[in-house]
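Here the structure comes first, spelled out in structure tokens, and everything after it is commentary.
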Amino acid sequence: MILYVVTIGAAMGLDDIEVVFNAVGAICSTSIALLLPCFFYVRLVIIKEQPKNIKYYLAIAVICLMGPYALFSIIALQVAE
């Protein structure tokens, strides 16, 4: 239900669809390219109870550092306009 409200609100409030595509692209590209592979690796190490090595901690660092990147890229797009 909330998705419908957000969709209708965006359709009524925005003059250009480019804003929506920029926001979706910023969030999805960051998630697919950086966050999801690291998240899956961390979860597999935990589930299979494997020893935590440098790759495990590097994956956590990528998640923590690049997670806010999607938000910052959306803010940068809005400030640049």
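Computed from heavy atoms alone, side chains included, the values below leave out hydrogens, waters and symmetry copies.
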Exercise: identify the closest heavy-atom pair between Leu35 and Met66: CD2-C, 4.0 Å

Linked, directly or transitively: Leu36 and Ile46 (ILVMFWY side chains, under 4.5 Å): yes

Atom pair CD1 (Ile63) and OH (Tyr41), whose distance is rounded to the nearest 0.5 Å: 11.5 Å

CD1 (Ile47) with more than 12 external heavy atoms under 6.0 Å: yes

ILVMFWY cluster, Tyr57 and Val42 together (side-chain gap under 4.5 Å): yes

Exercise: identify the closest heavy-atom pair between Pro37 and Ala33: CG-O, 4.0 Å

For Ala59 against Cys38, the heavy-atom pair lying closest together: O-CB, 3.7 Å

Single-linkage hydrophobic cluster, 4.5 Å side-chain cutoff, Ile60 and Phe39 together: yes

All side-chain contact (heavy atoms from CB on, under 4.5 Å) counterparts of Gln50, not counting sequence neighbours: Val45, Lys48

